[in-house]
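Okay, structure first, notes after.
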Amino acid sequence: MDDDATVIEDSSILVRDGRIASIGSDRGDPPGAGDTVIDASGCVILPGFANAHTHLAMTLFRGLADDVDLQSFLERVVGEESSTLTPDRVHHGVLDACRESLLAGTTDALDMYWFPDSAVKAGIDLGMRVHTGEAFAGFPTPERRSVEEKLDALTASGERVPWLMPHSVYALDDEQLRRIAGTAEQLGSRIHVHAAENAGEIKLVREQHGATPIEVLARTGLLTSRTVIAHAVHLTDRDIAQIAEAGATVAHCPWSNLKLASGVAPVRALLDAGVRVALGTDGAVSSNSLDMWSTLRLAAVLHKNRESNPASLGARAVLAMATRHGAEALGLRGGGILAPGHSATLQVVDLSGPHHAGLGDAWSQLVYSARPSDVRDVLVDGEIVVRDRRLCRG
Ligand SMILES: [Zn+2]
């Protein structure tokens, strides 16, 4: 997944101390007694997927709010969450999500939810990298702590925190949004937020803030090069220019957007403006699956239709979104690219199934034919976490 989309055939990858030591046809020294050898003949090895927007623990509520729009969805889900969630339940929900994700080649997820420490712990339990932090919303949450209480605690500790996650501009007022932006600056945090998801939100934000969601993010200091915006479906030309100028990333979530009838994000226009676009599944209530394979395939075909141009988003571009651009959005230096010195975070994809018969171009196979069950082995930072389609840590 480097700049030239290099394909190295008939090769081997040597992993040492969590990193890729070498890639090439020169196999170097024969394996030693303590080495593990994975024969990946007939397979493609590519970086693990980075799911750039999800709510992992929502596996607990899969099927709770199907066939409704975003506003009805939120009413049902927020009520259920605030009456039933505990740190322990979140831990169990995230364990299920990590199992589903790892078995389908996803090694990293940007997770916005309540009780984030429980999510991080579940990731550690199974060997998946869960990227998360405090989430903020003005509506009642299961944590029973106000936005101000959380910000006071973060500021008082002064510790660096990787992520701050304002839910959306419609769930917070201007003053709260500005305080979150200031705290993120102070603590070196990246920012993750929902914005411009559907037409109802645009109307609501116009009434509340007198501007578009992107304009509100910009004026409150939340639109930065460290920001990942989930959805970005309904954008003005000015919004697109502002996102590009700020260097923010858009996490495109096509399954969720189509299922909630929210619309189709202007991905081609965002890419043309120079915006980094990554891919997300969203939570298991709004898309019912954490499968990045179907997400990248849907993205590829959706934008061909949106633009009436089959070349508008090709196989290589969507694979880059699911790997390299996702890793960049998560701040993983050198992530999403297989190269010496980079983290050995990768998946071995078996292309021997009958649905791969007639194998032509590997990029096309991966995007248009592959499925989660083709993922045979997964490594995260050099540790084998999936072997022969089974989780290694249970
Ligand atoms: Zn979401």
Side-chain angles (χ1 to χ4, degrees), residues 50-66 68-82 85 90 93-94 97 100-101 106 108-116 119 130-139 141-142 163-172 190-202 204-205 213-214 217 222 227-235 248-265 277-292 295 298-299 326 329-330:
N51 183 349
H53 177 64
T54 187
H55 313 277
L56 292 171
M58 288 179 99
T59 50
L60 294 166
F61 305 118
R62 201 179 328 235
L64 178 75
D66 294 339
V68 296
D69 71 3
L70 175 66
Q71 279 70 28
S72 311
F73 169 92
L74 286 173
E75 269 170 39
R76 283 196 207 176
V77 171
V78 169
E80 190 71 17
E81 286 176 345
S82 70
L85 279 184
V90 168
V94 177
E100 179 182 356
S101 300
T106 298
D108 294 87
L110 183 54
D111 177 52
M112 181 197 286
Y113 211 57
W114 316 115
F115 306 115
V130 175
H131 307 262
T132 188
E134 292 282 10
F136 302 91
F139 53 73
T141 80
W163 291 91
L164 294 185
M165 305 194 168
H167 177 277
S168 56
V169 302
Y170 60 86
L172 294 154
R190 306 177 85 81
I191 296 159
H192 188 34
V193 61
H194 294 108
E197 185 170 353
N198 76 355
E201 177 194 333
I202 301 295
L204 179 65
V205 172
I214 301 302
L217 290 176
L222 286 165
T227 304
V228 178
I229 303 164
H231 304 303
V233 173
H234 294 268
L235 301 175
T249 299
V250 165
H252 175 43
C253 305
W255 271 118
S256 172
N257 298 156
L258 291 190
K259 182 162 175 274
L260 290 160
S262 297
V264 178
V277 179
L279 289 179
T281 61
D282 212 344
V285 186
S286 56
S287 67
N288 298 51
S289 161
L290 306 175
D291 168 15
M292 288 288 285
T295 302
L298 178 60
L330 270 52

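Throughout, numbering of the chain's residues begins at 1 and tracks the sequence. Atoms within each ligand, like the ligands themselves, are counted from 1 in listed order.
The number of protein N, O or S atoms lying under 2.8 Å from the Zn ion (ligand 1) is 4.
Every residue two or more places apart in sequence or in another chain that forms a side-chain contact (heavy atoms from CB on, under 4.5 Å) with A299 is listed here: H252, P254, L279, V318. In this view, Y170 and H167 satisfy the ring pair (Phe, Tyr, Trp, His ring centres under 6.0 Å) rule, not counting sequence neighbours. Residues that satisfy the ring pair (Phe, Tyr, Trp, His ring centres under 6.0 Å) test with H131, not counting sequence neighbours, are absent from this structure.
In the model, H234 has no side-chain atom that pairs as donor or acceptor with a side-chain atom of N198 under 3.5 Å.
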Pair T227-V193, side-chain contact (heavy atoms from CB on, under 4.5 Å): steps then yes or no: CA-CA 8 Å; T227 304; V193 61; 4.3 Å; yes

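Taking the side chain as every heavy atom from C-beta outward, W255 and D291 never approach each other to under 4.5 Å.
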